[in-house]
Amino acid sequence: MLRPNSKTTLYISNKVFRYAITIFIILTLNFFIPRMMPGDPMTNMLGEGARWMDKAYLDELRAEYGLDRPLHEQYLTYLSSLARFDLGYSINKSLKVKDLLMERIFWTLLLVFPSVIIGGAVALILGSFAGFRQGSMMDRLMTSLLLLLYSSPSFLFAMIMVSIFSFHLGWFPLGNFASGKMHGASYVLDVAWHLFLPIAILSLFEATYTYLVIRNSITQILGEYFIFVARAKGLSNRVIELQHVIRNVLPQFISIMALNFGFMVSGALIIEIVFSLNGMGTLIYDAVISRDYPVMQGAFLVLTFFLIAANFAADLLYGIADPRIADAKDSI
Amino acid sequence: MNSKSKAILISMLIFASILLSGYIGGALAASEGDGRISNLVIGSDMGDFAANMADFNCNYQMIFSHEGLIDYDSNGEVVPRLAESWETTDMKKWIFHLVKNATWHDGVPFTSKDVKFTMEYTRDKKILYGATTYDIINSIETPDDYTVILNLKEPNAVFLAKLANVPIVIPEHIYAKVDDLKKFTDIDKMFIGTGPYIFDSYDHAAGIVNFKANDNYWVGKPAIKNIQMRLFKNQDTMMMALQNGEIDLPYLYSKGASYYYVPKLMDNKKIKLMTFDSLGIRNTIIFNTQKKPFDSKDLRRSMSLAINYENLMNLMTAGYGSLPNSGLVPKSTKYYTETKPMEYDVEKAKTQLDRLGFKDKDNDGLREMPDGSKFKPELVVQSSNDESVRASELIKKDLGSVGIDLEIKLVDSSTYWKIIGEKGHEMILGGLPFWTIKGYKGYYTSIMDSRNYGWANINDPAYQSIADNLGATMDESKKEKLAEEIQNYYSNELPVIPLYSMDFIQPYDKKYEGYVTHPMWGVLSLGTFMNLHESEE
């Protein structure tokens, strides 16, 4: 029998190996999938670029960016660049992909991270409240409201919010992360003021889906036999809710939160468009539309690492939230 | 006071402190004693601010900080800029006489050596926006500081139009030291031009690009001291910002404001609307004239008869549109020839289609090809262009009324241009903006002639002969005759069905007036920068 620390080492090395293979597969897909889409960065220039250049010139440009070389050669160049942590230059913007990503990721995290936290917390609280009081007026009201929000088009909802709170009431700015030309504490306050509405809307959207999952899980767990036994033992409702029900909901909640955290760096496209924010969502969208392969590859690479890290964290948290999962892992 | 009330109060205090700290969200509109406007706030849809000169969309330089040898006036005719005059006798040797009082923003005088350097550097570095233009130059001479002689490889009658499309001269003393443009990230140096505005700063978080007036500008002091370009990612919030006074001017590159906003904007007493000729055609159906059965001009004409142009124009332009003639060329263009208007006659369309053998043979209400196979013409439409998507549905309905089962293929822009580039299309729906009339040999030859971009893929020797002659003559009477011939060709052969034109709608805060339009840059023209003033109202 292996000693616990050996078990842990084996478990972690096993995980690391699996993640390494996953990363390699994803990196390969990140290279091939964009290139399987019709067109390439140069075909876009047949449109607006026609204003400046003759058609024959596009082939020269294609060659300059190596797009005329066989796919396997391009793939090897891509892998060797990645090994050197070189993400290359954006074809469309002619800027370093690394710089583009760094700038965007910071602001994206500032926007999305609080939204995931607030949305998750709101969903957990409201979902538990509604789940434990299933069928009550509050449950029906909240579920209907959040279902309505969940099914409403996010662009429309966000525009309505902007129209009411920014345009008509003038409480918040119409967009961007800051007003400009501010420093120190007033700059921080200004950014907070700019982020208030987009974070509020994003949090609401984050909350709607998670709320429904939490509420329904609680409803389901309340009908389980072990809850019946707990009640028969004379445990108080509070103890049952916190120690027996919520604990069983946590693994699902962790899964959702892990996914949300993982996808954080993909940005929030709709919110970025509505509030004119330069985040990862619009960067990825523009890169896909213009077939800017280096930007797509760089963005997907970062996304991959975030997702895998979030998954890894979730794996660890499962064990804490539900000892049965940890026990199962220990027996591997 | 409960905790909720406290939270609201704290939030309100934070907002109040921000307001007091100076930001009021509005355009700091004030004109100073010298009559110049101190600050103009422009809302822009020009997207992320990427200033790299290797970027083929370096519009900020082209509009504000840099200039070319020649420019376009409001009607699309070439006018002097850094070159005050030019001459040629054989269209091969072009002599440009430069202005003598221009300096770069850092004080270094602008000379002919900068022009020579720009052309050679752009060509050698393969800079997207100018390399092919300068590639037709064989040699460049600079006999003195203010004369440039360009010896072209071949005579070119449309060289001026080509040159006007590349409105940038860059300083030799800066760029001679730059070997790899992609690695050149000194944004202050990147913006050193001879133009009316000097780059001040870019605030990524605020999405604001600041320019200040070049008070040593060789034309004179610009009328606006500071320009703030505030970047928006959607038109809705930009129009809201105009309505509540946060911006003075919404700028929509190459399209103008959507007519949806017009009623709301007209209600606002602070806002005025101006319209101006787009100098192009808003939407057309472009046939691939080498693809069967669309190689038949009779079929193209029959199909054109089924489209209700008046209805389409009314629905798509809300009164801001007009119907181009079959000769395509806009009325404002030099040597415009009156050609037949587009005709709408459903019965005639049906009769002609029957005569061509496109009949409903299986009585399903839809026509078959003469060989009995289904006739399902495919119209390629850009999915990102809402207007085109809506227009395509109306066209489908019109063609359906004569039994043509139009298939709409919605694709993203890359796929759209790939299909066109490979000449895989049957028909495409797309606009013909101003620059399309100027390219190649002029008069839409760039998008017609199969030897160039040739979206219509015309390889008819008769057409190509007219095009070649147009590109080779500067004799005004010959040019006029050839322009007439090519317009009649479009009218008779109908490689392109012009659907509707639409004026650009430009709203603005009425506290300033004097906006002058430019065919490429709309109201962000030199005329505006030099003439804008406070309104007398």
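Residue numbering restarts at 1 for every chain, and letters A, B, ... go by the order of the sequence lines.
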(request) Provide the closest heavy-atom pair for B:L279 versus B:P519 in the form atom of the first, atom of the second, distance. (result) CD1-CB, 3.6 Å

(message) Can you confirm whether the side chains of B:K233 and A:N278 place a donor and an acceptor under 3.5 Å from each other?
(response) yes

(message) Heavy-atom cut-off 4.5 Å, strictly under: side chain, backbone, both or neither for A:K96 against chain B?
(response) neither

(request) Counting only heavy atoms closer than 4.5 Å, note whether A:S290 contacts chain B via side chain, backbone, both or neither. (result) backbone

(message) Heavy-atom cut-off 4.5 Å, strictly under: side chain, backbone, both or neither for B:N210 against chain A?
(response) side chain

(message) Please identify, among B:T436, B:D203, B:I447, B:T415, the residue contributing the most non-hydrogen atom pairs under 4.5 Å to chain A.
(response) B:T415

(request) Decide whether B:N457 and B:N288 meet the rule of one side-chain donor and one side-chain acceptor closer than 3.5 Å. (result) yes

(message) If I measure from the heavy atoms of chain A, does B:Y134 come under 4.5 Å with its side chain, its backbone, both, or neither?
(response) neither

(message) For B:L231, which atoms come within 4.5 Å of any heavy atom of chain A: side chain, backbone, both, or neither?
(response) backbone

(request) Report yes or no: does B:Q382 contribute a side-chain atom to a donor-acceptor pair with the main-chain N or O of B:Y416 at less than 3.5 Å? (result) no

(request) May I ask you to establish whether A:R291 and A:Y293 are in a cation-pi arrangement, using a distance under 6.0 Å from NZ or CZ to the six-membered ring centre and at most 45° from the ring axis? (result) no

(message) Taking every non-hydrogen pair under 4.5 Å, which of B:N234, B:D236, B:D135, B:I419 racks up the most with chain A?
(response) B:N234

(message) Could you check whether B:D45 pairs with B:K255 (Lys NZ or Arg NE/NH1/NH2 to Asp/Glu carboxylate O, under 4.0 Å)?
(response) yes

(message) Counting heavy-atom pairs closer than 4.5 Å to chain B, which one of A:A192, A:G170, A:S166, A:A178 comes out on top?
(response) A:A178

(request) Look at B:K418 together with B:D412 and state whether they make a salt bridge at an N to O cut-off of under 4.0 Å. (result) no

(request) Go through the atoms of A:L283 and report whether side chain, backbone, both or neither lie under 4.5 Å from a heavy atom of chain B. (result) neither

(message) So which residue, A:D99, A:I273, A:V191, ends up with the most heavy-atom pairs under 4.5 Å with chain B?
(response) A:I273

